[in-house]
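Notes follow the structure.
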Amino acid sequence: MLQAAAQIKDAHGRLLAVEEFLRQYPETPFRANVYRLQFMSHREFTEDDDFLWQLGTKYVDAFTRLTDDVSERHEKNPLLANMYSEVAFEFSHRGSHLDGALGYAIQALALMDEAATLQSPKVSEEQWSKGIATFRAQILNTIGGIQYQRQAYSEAETALSDAVALLPDEGPILYHLGQTYMALKREDEALAILLEAATAAQPAPQALVDLRGLYEKKHGKEGASRLEKDLELAEANAREA
């Protein structure tokens, strides 16, 4: 019944199904799954950040206890890191509870750093390493975004630079690094990285907006034509790479 509830696309309908499940099984051993469904559903529409944060902490705490009991070591770290990361990313996006979200993101990164020293018997070493690198980059991007909002720009730069090193073709990560350079008043570096963000394999469309402003500020009326030429060059370099 809980699995069926998870398949409901409408968040409100999903919550009604979870409430019905709890009425029928008030002592369910699947409380962690209930909290997760509640968190993932409420985040789609609630504007009450404090309420959602309470749900998120219940979700994380319950799964932490659950994985301690049932998961093998190579499985436990990625599972827990995913829980921490989901909550951290949501509140990075909302711009609230940033200190708590940063704590969760740092915990997630530490878990994946430890996971890098392990090996899963279910996948090849190459797949395991690639998966960990991708997940670490995503967590570092979340950390960078949180630090940017906390105006801890040097810390944001460090996290985002590490993320770019792991996923150099991810436009959103490049874009966040470009924003950080702008906040640090390093406009030439911002221009270079935003050009990469706009022409990456997975481009960030927002980068073009910032680029237009920077080029107009730097080149005046010639800004638009210069930007067009530099974008062509950046696209050629991206294809070659």
Side-chain angles (χ1 to χ4, degrees), residues 81 84-85 87-110 112-113 130 132-241:
Y84 292 137
S85 182
V87 177
F89 177 80
E90 179 64 26
F91 284 92
S92 171
H93 177 71
R94 287 172 174 258
S96 66
H97 291 275
L98 291 177
D99 290 343
L102 179 61
Y104 278 152
I106 289 172
Q107 285 179 278
L109 186 63
M112 294 311 295
D113 286 343
K130 185 177 180 180
I132 287 175
T134 299
F135 195 8
R136 286 188 75 254
Q138 293 166 348
I139 296 168
L140 285 163
N141 185 37
T142 298
I143 291 173
I146 293 171
Q147 296 287 36
Y148 176 87
Q149 293 179 77
R150 296 174 74 246
Q151 298 184 3
Y153 299 127
S154 294
E155 290 82 355
E157 180 191 1
T158 298
L160 292 167
S161 295
D162 289 346
V164 167
L166 292 168
L167 290 180
D169 292 327
E170 286 283 336
I173 299 177
L174 292 161
Y175 174 66
H176 292 155
L177 182 56
Q179 284 187 307
T180 302
Y181 284 146
M182 288 173 66
L184 290 166
K185 310 298 183 186
R186 289 155 56 183
E187 290 190 357
D188 288 342
E189 289 170 278
L191 282 172
I193 209 75
L194 288 171
L195 283 168
E196 290 185 42
T199 57
Q202 297 186 37
Q206 313 97 305
L208 285 173
V209 178
D210 289 346
L211 281 168
R212 291 189 185 101
L214 286 169
Y215 270 74
E216 183 177 348
K217 178 182 176 181
K218 188 172 184 178
H219 302 293
K221 294 180 180 180
E222 296 181 0
S225 60
R226 283 178 175 262
L227 175 57
E228 186 176 346
K229 290 179 182 178
D230 285 352
L231 282 170
E232 290 177 358
L233 179 60
E235 286 171 355
N237 290 336
R239 286 194 298 270
E240 184 178 351

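The basis for the numbers below is simple: all heavy atoms, side chains too, and nothing from hydrogens, waters or symmetry mates.
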In a table with atom names and distances, give each donor-acceptor pair under 3.5 Å that connects a side chain of residues 161-173 to protein atoms at least two apart or in another chain.
residue: S161; atom: OG; partner: E157; partner atom: O; Å: 2.8
residue: E170; atom: OE2; partner: Q202; partner atom: NE2; Å: 3.2

Taking C-beta and beyond as the side chain, do R136 and D113 meet within less than 4.5 Å on heavy atoms? yes

Are Y215 and L191 side-chain neighbours, meaning at least one heavy-atom pair lies under 4.5 Å? yes

Go through the structure and list residues passing salt bridge (charged side-chain N to carboxylate O under 4.0 Å, His left out) with E189, not counting sequence neighbours.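 By the salt bridge (charged side-chain N to carboxylate O under 4.0 Å, His left out) rule, E189 matches R186.
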
For [X] versus [Y], what's the shortest heavy-atom pair and its separation?
| X | Y | result |
| --- | --- | --- |
| Y148 | Y153 | O-CE2, 3.5 Å |
| L195 | T199 | O-OG1, 2.7 Å |
| A207 | A197 | CB-CB, 3.9 Å |
| L174 | A200 | CD1-CB, 4.0 Å |
| M182 | A190 | CG-CB, 3.5 Å |

In terms of heavy-atom contacts, does CD of Q149 have more than 12 from other residues, nucleotides or ligands at under 6.0 Å? yes

Checking the side chain of Q147 only, and the main-chain atoms of S154 only, is there a donor and an acceptor separated by less than 3.5 Å?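 Not at all, since once roles are kept as given, no pair shorter than 3.5 Å links the two residues.
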
So F89 and H93, would you call those rings parallel, tilted or perpendicular, with 30° and 60° as cut-offs? parallel

Would you please classify the geometry between the H97 ring and the F91 ring as parallel, tilted or perpendicular, with 30° and 60° separating the classes? perpendicular

Which pairs of donor and acceptor atoms, one on a side chain in residues 138-146, lie under 3.5 Å apart (sequence neighbours left out)?
residue: N141; atom: OD1; partner: H176; partner atom: ND1; Å: 2.8
residue: T142; atom: OG1; partner: Q138; partner atom: O; Å: 3.2

Test log, rule side chain to side chain contact (heavy atoms under 4.5 Å, CB included), inputs L160 and Q179: CA-CA 11 Å; L160 292 167; Q179 284 187 307; over 6 Å; no

Testing I193, T180, L208, L194 for side chain to side chain contact (heavy atoms under 4.5 Å, CB included) with Y175, which one passes?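 Between Y175 and the candidates, side chain to side chain contact (heavy atoms under 4.5 Å, CB included) is satisfied uniquely by L194.
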
N-O pairing of R150 and E155 below 4.0 Å: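 Looking at R150 and E155, the cut-off is not met.
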
Side chain to side chain contact (heavy atoms under 4.5 Å, CB included) between R226 and K218, intermediate numbers included: CA-CA 10 Å; R226 283 178 175 262; K218 188 172 184 178; over 6 Å; no

Distance (rounded to the nearest 0.5 Å) between D230 CG and E235 CD: 11.0 Å

Rounded to the nearest 0.5 Å, what's the gap from CG on L109 to CZ on F135? Could you check?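 Answer for the CG-CZ pair, L109 versus F135, is 10.0 Å.
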
